[in-house]
Amino acid sequence: MADRLLDAQEVERTFELLRDAMGGDMANAKGPKGQPDAFRSCIACMLSAQSRDSNTAKATRALFRLAETPQAMLALDDATLIDAIRPAGLYNNKAKAIRKFCRQLIDDHDGHVPDTRQGLLSMHGIGRKCADIVLAFTFGGDAIAVDTHVGRVCERTGLALGSTEAKIAEALDERAPDWVKPEGHFWLIRFGKRVCTGRAPKCADCFLASLCRYPDKRLRRAGESAEA
């Protein structure tokens, strides 16, 4: 697998190119879940598991109309909680996870969401992706959250490899230069949505083609012959 990884100099150059092509005004950008505080960001992340963004948004809006604090959420009866989050799917399991998270938050943290990765990961229902989202977008920490798009880009290009998104995140955290981490998530997710797409990556027009380690690069445009 070592030949699939970019070396340190190539990683640096890759991020320079991503910054130049996919950067912009990030000062007022919101995190992927767009929530105004750490508690609601955590809840939204939990609801987003195996749920489309549009369905997650419906569920979060419905739930936060009813409760915006862990105390208020615990005061909801099961039927009301489940009905609110139903659009996000897996609502029985998610309702139980939300209750455990809220109870742990009150009992162990006086209702305040921990502001470190280790603290966030100690919370029920919070995995690496959610922890990094909250850390970066609520607390202003230097973390690159790895979602489906970011994970795909990392594995294809050779920025970082791993058997899960959490493993990719760990590897990327070690391999990415510090100057990248405040805004790197945005560059990678934009690149994943616009260029390195899931089904038909635009390899022939990609500014990373010469660096990328993706073994199935499509370097000819659709309809272009091998002799072209």
Side-chain angles (χ1 to χ4, degrees), residues 18 22-70 72-74 76-102 105 113 120 123-139 143-156 164-166 168-169 172 183-202:
L18 284 166
M22 297 292 155
D25 181 13
M26 303 296 185
N28 298 314
K30 293 182 178 180
K33 306 308 170 190
Q35 297 303 324
D37 58 59
F39 173 69
R40 280 180 281 183
S41 184
C42 286
I43 296 295
C45 283
M46 295 167 72
L47 290 175
S48 72
Q50 299 182 52
S51 173
R52 293 184 177 183
D53 287 348
S54 58
N55 291 333
T56 302
K58 291 177 184 177
T60 54
R61 284 196 299 268
L63 179 58
F64 296 149
R65 278 197 295 266
L66 299 172
E68 295 183 351
T69 67
M73 217 158 275
L74 285 175
L76 299 175
D77 61 58
D78 287 343
T80 300
L81 175 57
I82 288 172
D83 188 58
I85 67 173
R86 191 177 297 274
L90 302 175
Y91 39 83
N92 287 319
N93 288 337
K94 290 180 181 180
K96 292 177 183 177
I98 287 170
R99 289 199 182 282
K100 288 182 179 179
F101 172 79
C102 290
L105 200 61
V113 174
L120 287 161
M123 300 300 298
H124 184 86
I126 303 298
R128 177 63 184 252
K129 178 173 70 174
C130 183
D132 283 347
I133 286 173
V134 177
L135 186 64
F137 300 112
T138 302
F139 296 118
I144 300 178
V146 175
D147 62 3
T148 300
H149 300 290
V150 175
R152 178 176 67 247
V153 169
C154 286
E155 290 204 301
R156 282 181 177 173
T164 64
E165 289 180 358
I168 295 171
L172 185 61
E183 297 184 356
H185 171 84
F186 290 105
W187 308 337
L188 288 165
I189 200 168
R190 284 178 174 179
F191 179 69
K193 288 182 176 182
R194 299 176 185 178
V195 182
C196 196
T197 53
R199 294 186 179 181
K202 301 175 177 64

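- What you find for C196 and P201 is that their closest heavy atoms are CA-CB, 4.3 Å.
- In terms of heavy atoms, L66 sits closest to A84 at CD1-CB, 4.0 Å.
- A distance-only check finds a donor-acceptor pair linking the side chain of R190 to the backbone of G23 [under 3.5 Å].
- In this view, N93 satisfies the side chain to side chain donor-acceptor pair (under 3.5 Å) rule with no residue, not counting sequence neighbours.
- Interatomic distance, L81 CG to N92 CG, rounded to the nearest 0.5 Å: 10.0 Å.
- Checked against side chain to side chain donor-acceptor pair (under 3.5 Å), R156 has no partners two or more places apart in sequence or in another chain.
- Residues that satisfy the side chain to side chain donor-acceptor pair (under 3.5 Å) test with T138, not counting sequence neighbours, are absent from this structure.
- Looking at H149, its side chain never comes within 3.5 Å of a backbone N or O of K193 through a donor-acceptor pair.
- The side-chain heavy atoms of D132 and I144, taken from C-beta on, include no pair separated by under 4.5 Å.
- Across N55 and P87, no two heavy atoms sit closer than the pair CB-O, 3.2 Å.
- Atom CZ of R152 and atom CD of E165 lie 10.5 Å apart (nearest 0.5 Å).
- Ring centroid separation for the pair F186 and F137 comes in under the 6.0 Å cut-off.
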Report the C-alpha distance between D147 and I133 in whole Å, list the side-chain angles of each, state the deciding distance to 0.1 Å, and finish with yes or no for side-chain contact (heavy atoms from CB on, under 4.5 Å).
-> CA-CA 10 Å; D147 62 3; I133 286 173; over 6 Å; no
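- Salt bridge R40/E68: present, at least one basic N to carboxylate O contact under 4.0 Å.
- With S41 contributing its side chain and A38 its backbone, the two residues share no donor-acceptor pair below 3.5 Å.
- Residues K129 and V146 fail the side-chain proximity criterion, which asks for heavy atoms closer than 4.5 Å.
- Taking both residues in full, the closest heavy atoms of T56 and L47 are given as OG1-O, 4.0 Å, listed atom of the first, atom of the second, then distance.
- Remark: L74 CG to L105 CG distance equals 9.5 Å, nearest 0.5 Å.
- Annotation: side chain of L63 is in contact with side chain of L76 (closest heavy-atom distance under 4.5 Å).
- Distance check: L188 CG to M22 CE gives 10.5 Å after rounding to the nearest 0.5 Å.
- Closest approach of M73 to R99, counting heavy atoms only: O-NH1, 3.8 Å.
- Residue Y91 qualifies as open at atom OH: its count of foreign heavy atoms under 6.0 Å is 12 or below.
- Put simply, the side chain of F101 does not reach to within 4.5 Å of the side chain of P70, judged on heavy atoms.
- Summarising the geometry, atom OG1 belonging to T60 is positioned 11.0 Å from atom CD1 belonging to I43; distances are rounded to the nearest 0.5 Å.
- Closest heavy-atom contact between L135 and A143: CD2-CB, 3.9 Å.
- The SG atom of C130 sits 12.5 Å away from atom CZ of R128, with the distance rounded to the nearest 0.5 Å.
- Annotation: side chain of V134 is not in contact with side chain of I126 (no heavy-atom distance under 4.5 Å).
- No side-chain heavy atom of L90 sits under 4.5 Å from any side-chain heavy atom of S51.
- A donor-acceptor pair is defined here as one N or O able to donate and one able to accept, closer than 3.5 Å; such a pair exists between the side chain of K94 and the backbone of A88.
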